[in-house]
Student: 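Mind looking over this structure? Questions follow.
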Amino acid sequence: VRASLRVIAKDHTMPAPSPAPLATAGNRTRSALVAVDLQVDFLPGGRLAVPGGHEVVPLANLAARHFPHVVLTQDWHPPGHVSFASSHPGKAPFDEIDLPYGRQILWPDHCVQDSEGARLSAELDVPHAQVVIRKGHHRTIDSYSTFYEADRTTPTGLSGYLRDRGIDTVYLLGLATDFCVSWSAVDAARHGFVTHVIEDACRALDVDGSLAKAYADMASAGVQRVRLADVIA
Ligand code: VGL
Ligand code: ZN
């Protein structure tokens, strides 16, 4: 109910309808844009703010007009999630621990299911997006990737969705370059999608060399780095 009221309120304050997608039939019908985690907690003032994260939202709105298929993703953790430092007595945000599936960086509490911080940015304007993938909802498994959870085996269902839609090419943008964007891009490439990261429409957390590592991982997986101006040219 709250969500629908918000939508109505937004309509009253925004008289101009959103521009229709520019991409027409035959153009990019086999491509999807994946806009990663454009959520309040990852924007300045949020609980896990990515520096410059707000700059990505208008870029996402612009890019989306060039894709008939847009996927939005949402980090969506239950309270007490295993990735929260607060779930591990004596640990602080950005400490690391070993979990059954591997190393885990501990984060401030963020993107708790149904909280304000978990909402998509109010400035995000992509009315034609048809699916939102919520990830990280298992209490004991994190999920940076929007294709597979951090155990590398539990699927979110996104690759099945894309294949059912005849999509073989993926473009990603969003937050954060070095976590959810890069893990998603590497998985997309590994699972056979032609994969591009729109690098100037991403922003990074850069924890302890994570950005350099992310670009190395993406390069070895065959992910192509592109610029927004070239994608929408
Ligand atoms: C993310 C850290 C924890 C991200 C999500 O969206 O990149 N990073 N959860
Ligand atoms: Zn998270």
Side-chain angles (χ1 to χ4, degrees), residues 33-57 59-60 71-88 91-97 99 101-121 124 132-152 154 156 158 170 172-188 195 197-199 201-215 217-218 221 223:
L33 178 70
V34 181
V36 177
D37 295 3
L38 297 173
Q39 292 169 267
V40 171
D41 271 342
F42 295 126
L43 302 179
R47 295 206 272 183
L48 181 46
V50 181
H54 61 295
E55 296 160 4
V56 169
V57 177
L59 303 179
V71 176
L72 304 177
T73 79
Q74 218 172 2
D75 215 37
W76 197 251
H77 301 309
H81 190 249
V82 71
S83 75
F84 297 169
S86 63
S87 304
H88 305 272
K91 296 291 179 190
F94 308 103
D95 285 351
E96 292 188 27
I97 58 168
L99 290 177
Y101 57 76
R103 249 357 230 169
Q104 172 74 51
I105 302 179
L106 298 175
W107 305 106
D109 289 23
H110 65 279
C111 298
V112 174
Q113 293 172 359
D114 247 358
S115 67
E116 279 299 320
R119 290 187 193 287
L120 294 169
S121 165
L124 191 64
V132 180
I133 297 288
R134 288 174 165 173
K135 60 190 177 55
H137 48 79
H138 289 124
R139 200 186 57 79
T140 59
I141 318 176
D142 204 1
S143 188
Y144 296 147
S145 166
T146 191
F147 289 89
Y148 285 87
E149 299 188 8
D151 61 3
R152 317 309 291 149
T154 307
T156 62
L158 180 56
V170 167
L172 297 106
L173 56 72
L175 306 172
T177 321
D178 39 346
F179 292 95
C180 292
V181 174
S182 68
W183 285 52
S184 298
V186 166
D187 275 354
T195 305
V197 166
I198 308 175
E199 60 181 354
C202 299
R203 295 292 182 276
L205 282 163
D206 206 5
V207 179
D208 230 352
S210 56
L211 184 58
K213 182 177 185 308
Y215 274 121
D217 291 345
M218 289 193 278
V223 174

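Order of appearance sets the numbers: ligands from 1, and atoms from 1 within every ligand.
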Student: Using atom types as modelled and distance alone, determine if a side-chain donor or acceptor of Asp109 lies under 3.5 Å from a backbone N or O of Val112.
Tutor: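 It does not hold such a pair.
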Student: At a cut-off of 2.8 Å, list the protein N/O/S atoms near the Zn ion (ligand 2), residue plus atom name.
Tutor: Asp75 OD2, His77 NE2, His110 NE2
Student: For a side-chain contact (heavy atoms from CB on, under 4.5 Å) with Ser184, tell me which candidate from Thr146, Asp37, Val197 qualifies.
Tutor: Thr146
Student: Sorted by first residue and then second, give each salt bridge (charged side-chain N to carboxylate O under 4.0 Å, His left out) pair with at least one member in residues 38-48; sequence neighbours left out.
Tutor: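 Applying salt bridge (charged side-chain N to carboxylate O under 4.0 Å, His left out) to every pair that reaches into residues 38-48, excluding sequence neighbours, yields Asp41-Arg47.
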Student: Give a yes or no on whether the backbone of Cys111 and the side-chain of His77 come within a donor-acceptor separation of less than 3.5 Å.
Tutor: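 Here the side-chain-to-backbone pair does not exist.
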Student: At a 4.0 angstrom heavy-atom cut-off, what protein residues surround ligand 1?
Tutor: Asp37, Phe42, Leu48, Asp75, Trp107, His110, Tyr144, Leu175, Ala176, Phe179, Cys180
Student: Can you name the side-chain hydrogen bond (donor to acceptor under 3.5 Å, both in side chains) partners of Asp217, sequence neighbours left out?
Tutor: Lys213
Student: Please evaluate residues Phe94 and Asp208 with respect to the criterion side chain to side chain contact (heavy atoms under 4.5 Å, CB included), reporting the C-alpha separation (whole Å), side-chain torsions for both, the decisive distance (0.1 Å), and the verdict.
Tutor: CA-CA 9 Å; Phe94 308 103; Asp208 230 352; over 6 Å; no
Student: Taking atom types as modelled, find out whether Gln104 and Asp142 have a side-chain donor-acceptor pair closer than 3.5 angstrom.
Tutor: yes
Student: With a 4.5 Å cut-off on side-chain heavy atoms, are Leu48 and Phe179 touching?
Tutor: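 Not touching, per the 4.5 Å side-chain cut-off.
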Student: Using atom types as modelled and distance alone, determine if a side-chain donor or acceptor of His81 lies under 3.5 Å from a backbone N or O of Ile141.
Tutor: yes
